[in-house]
Protein chains: 2
Amino acid sequence: MNQEIAGRAGRVRESANATTYTISDLAKEFDITTRAIRYYEDQGLISPARRGSRRIYSRRDRVRLSLILRGKRLGFSLQETRELFDLYDNAPGEQAQMSHFMELLGARRAMLERQMEDIRAILDEIGAAEKEALRSIAARAPHPKAATSPSA
Amino acid sequence: MNQEIAGRAGRVRESANATTYTISDLAKEFDITTRAIRYYEDQGLISPARRGSRRIYSRRDRVRLSLILRGKRLGFSLQETRELFDLYDNAPGEQAQMSHFMELLGARRAMLERQMEDIRAILDEIGAAEKEALRSIAARAPHPKAATSPSA
DNA sequence: AGTTCCGCTAACGTAAACGTCAACGAACGT
DNA sequence: ACGTTCGTTGACGTTTACGTTAGCGGAACT
């Protein structure tokens, strides 16, 4: 996974030293399929150069890809991420977009906080169940009362 | 949203005081559609009693529903939640299941941590972008260098 | 009695994000 | 020269979690 070494794929092509990647270079690096990468292109998230029919990815494309994946991990849909890209491309650093973006981010943060709270609640219940189990074992009682079902 | 008052739906039916709910009671309380609730039943997650063809939900069913929703918020699929229910129903408090459950929970925790890290990274970049913007404004320079695209 | 809800089943539709062939061309190693 | 590998464009298939009619039967209000 070290993009400095690499077999001898498409590094330093053409004139100066424009670092480029093939589709499978990126697929391996990010551990996704080439199909996924082409799909992101279909959805307008990346637009790699072409050498004939083959796709040539630049460092910029590579950054975009990492941003797409980060967006996915945060629960953004591909369309949401695309909109953010579009906004930024058409006027980087504008305030209206910034606030739109902050809204999305805030919503995600709220989701994460709720998830954390859910996990905390589960852990609490597990803790209570354990204590209950220990107590019933200590008292040599076969079963406590059997609640409804912990889990999830 | 107070389930103690309620119009005069299906509270205290039958013999003693077995609190029950109609499907729309629960739909309103949890803010989901009745279709969703029936779907959970199709998938084997709940099995409400019937009075004729109509579904009668007990407090146990209501707890299950809340667990299903919590599972969803944590990213568990309905099938995963169902498996957890099945495991617990067939032998509550067994250790093998507990470890299976803890595995799932651990995976979710890892996901959450990664998401938190992603958000931290984004906030860092936003902070850096702001500093850069302020600096370029202070120097009356039109644009910095224009990176690749922050967002997502 | 009539009409309006509520609920039920059955079945088809949907959206997102790819997976999975198929059929083909170009490039690369031997 | 040739087989293998890599890449390309369709195009259809898949999964999850419901949404959306459609058509019908009781139940409840007036």
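FYI, side chains are in, hydrogens and waters are out, and symmetry mates aren't considered; it's all heavy atoms of this structure.
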### Task
Take Tyr57(A) and Thr22(A), measure what side chain to side chain contact (heavy atoms under 4.5 Å, CB included) needs, and give me the verdict at the end.
CA-CA 6 Å; Tyr57(A) 296 87; Thr22(A) 70; 6.0 Å; no
### Query
Closest nucleotide of DNA chain D for Glu41(A) versus for Arg54(A): which of these residues is on the 5' side?
Arg54(A)
### Query
Can you tell me how far C1' of dA11(C) sits from CZ of Arg38(B), to the nearest Å?
14 Å
### Task
Compare all side-chain heavy atoms of Ile46(B) with those of Ile68(B) and state whether any distance is below 4.5 angstrom.
yes
### Query
Please give, in whole Å, the distance from dT16(D) P to Glu83(B) CD?
11 Å
### Message
In whole Å, I'd like the distance from the CZ atom of Arg82(B) to the P atom of dT15(D).
### Response
16 Å
### Query
Rounded to whole angstrom units, what separation is found between the CZ atom of Arg51(B) and the C1' atom of dG26(D)?
13 Å
### Task
Figure out the CZ/C1' separation between Phe30(B) and dA17(D), and round it to whole Å.
18 Å
### Query
Can you check the Ile23(B) CD1 to dC18(D) P distance for me, whole Å?
13 Å
Check nucleotides 16-18 of chain C against the protein and report each pair of N or O atoms closer than 3.5 Å, with its distance, or say if there are none.
{"residue": "dA17(C)", "atom": "OP1", "partner": "Leu78(A)", "partner atom": "N", "Å": "3.4"}
{"residue": "dC18(C)", "atom": "OP1", "partner": "Lys72(A)", "partner atom": "NZ", "Å": "3.3"}
{"residue": "dC18(C)", "atom": "OP2", "partner": "Tyr40(A)", "partner atom": "OH", "Å": "2.9"}
{"residue": "dC18(C)", "atom": "OP2", "partner": "Lys72(A)", "partner atom": "NZ", "Å": "2.5"}

### Arg82(B)/Asp86(B) salt bridge by N-O under 4.0 Å criterion
yes
### Query
Is the NZ or CZ atom of Arg64(A) both under 6.0 Å from the centre of the six-membered ring of Phe85(A) and within 45° of that ring's axis?
yes
### Query
Donor-acceptor pair, Glu83(B) side chain versus Glu80(B) backbone, under 3.5 Å?
no
### Message
In this structure, how many angstroms lie between the P atom of dT16(D) and the CD1 atom of Ile68(B), rounded?
### Response
16 Å
### Query
Is any side-chain heavy atom of Arg50(B) less than 4.5 Å from a side-chain heavy atom of Ile56(B)?
no
### Message
Nearest whole Å is fine: how far is dT16(D) P from Ile32(B) CD1?
### Response
19 Å
### Message
Taking only side-chain N and O atoms of Ser53(A), does any of them lie within less than 4.0 angstrom of OP1 or OP2 on dT9(D)?
### Response
no
